[in-house]
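Residues take their numbers from the sequence shown, with the count starting at 1. Just so you know, ligand 1 is whichever comes first in the structure, and atom 1 is the first atom listed for that ligand. Values below: all heavy atoms of this structure, side chains included; hydrogens, waters and symmetry mates excluded.
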Amino acid sequence: MGADRQRWDPECYGRWAAYVPELGRDLVGLLDPRSGERVLDLGCGDGTLTAHMAACGCSVLGVDRDAGFVKATRQRGLSALQADARHLVGPKLPAGSFDAVFSNAMLHWVPEAADVIGNVRRLLRDGGRFVGELGGAGNIAVVRQALHQALHDRGINAALRDPWFFPTADAYHRLLKAHGFQVTEIRLFPRPIPLPGHLSRWMDTFAATFLDGLDQATRQAVVAQVSQTTAPQLCSPDGVWTVDYVRLRFRAVKLG
Ligand code: BEZ
């Protein structure tokens, strides 16, 4: 499973992907964290948004599967725990102990969405909020298709390396409802994002599972092919790459 093999480097992330938490700031607005509330930041990354929520006066715990991200969040003086969203159990995460669970740009890395939503439900008190944003149906379709094609051309099964889960709004709504949530808001919308560098940097940061284990020459050829074939759609004449992101944003409340 590709998602398990995705690795993060907090330094590279800060350099090439700072727009991810930046664009998540208004999602914190949708959460509307109140002073004294207990909030879990699921997939806290480098802790940028965890810090933003803490500054609102709530008590936030960051959770991430990646040890480097947990360390980076702790270095900001915040509480963080290394845990996998599919297995959020243990004495540090008691059932019903959070007023809200927040998640930005992480849920699409975990195809076992039903397990994650079930765990979120268990952690929330009755009436608690689950607010999140993930890649939705059609997200990064141009790059994804080009990655699949470039691997296919070399006899490599890209489906086995593809870590992403990009649901439709209807499918995610059904999942939330089936797990005892009332969905108060859910919408899918395009959000093309200009990158701070070349698409190859984006691939190094986010598409490593497609490239892992390939010899250097094959890796370079795949990156070159993907860049070449997507350039007409994604690269402007002055060399700015814009990736075709599609967001799925939701707010749901745990029914008692
Ligand atoms: C995103 O939608 O945030 C995303 C999805 C896959 C790779 C990188 C980013």
Exercise. Which protein non-hydrogen atom lies closest to atom 4 (C) of ligand 1, naming both residue and atom, and how far is it?
Worked result: His108 NE2, 3.5 Å
Is [X] salt-bridged to [Y], cutoff N-O under 4.0 Å?
| X | Y | result |
| --- | --- | --- |
| Arg129 | Asp99 | no |
| Arg249 | Asp26 | yes |
| Arg144 | Asp162 | yes |

Exercise. If you count the atoms of ligand 1 from 1 in the order shown, which ones are under 4.0 Å from a heavy atom of Trp202?
Worked result: 7 (C), 8 (C)
Seminar exercise, completed: Within 4.0 Å of some non-hydrogen atom of Tyr245, the atoms of ligand 1 are 1 (C), 2 (O), 3 (O), 4 (C), 9 (C)
Exercise. Quick one: which of Leu107, Leu134, Ile140 gives a side chain to side chain contact (heavy atoms under 4.5 Å, CB included) with Phe166?
Worked result: Ile140
Problem set entry | N or O contact, Trp164 vs ligand 1, cut-off under 3.5 Å | no
Problem set entry | ring-ring contact (aromatic ring centres under 6.0 Å, His included) partners for His148, two or more places apart | Phe210
Seminar exercise, completed: Note: Asn139, heavy atoms under 4.0 Å from ligand 1, region reported as side chain
For this session: Of the side chain and backbone of Tyr19, name the one, both, or neither that has a heavy atom under 4.0 Å from an atom of ligand 1.
Result: neither
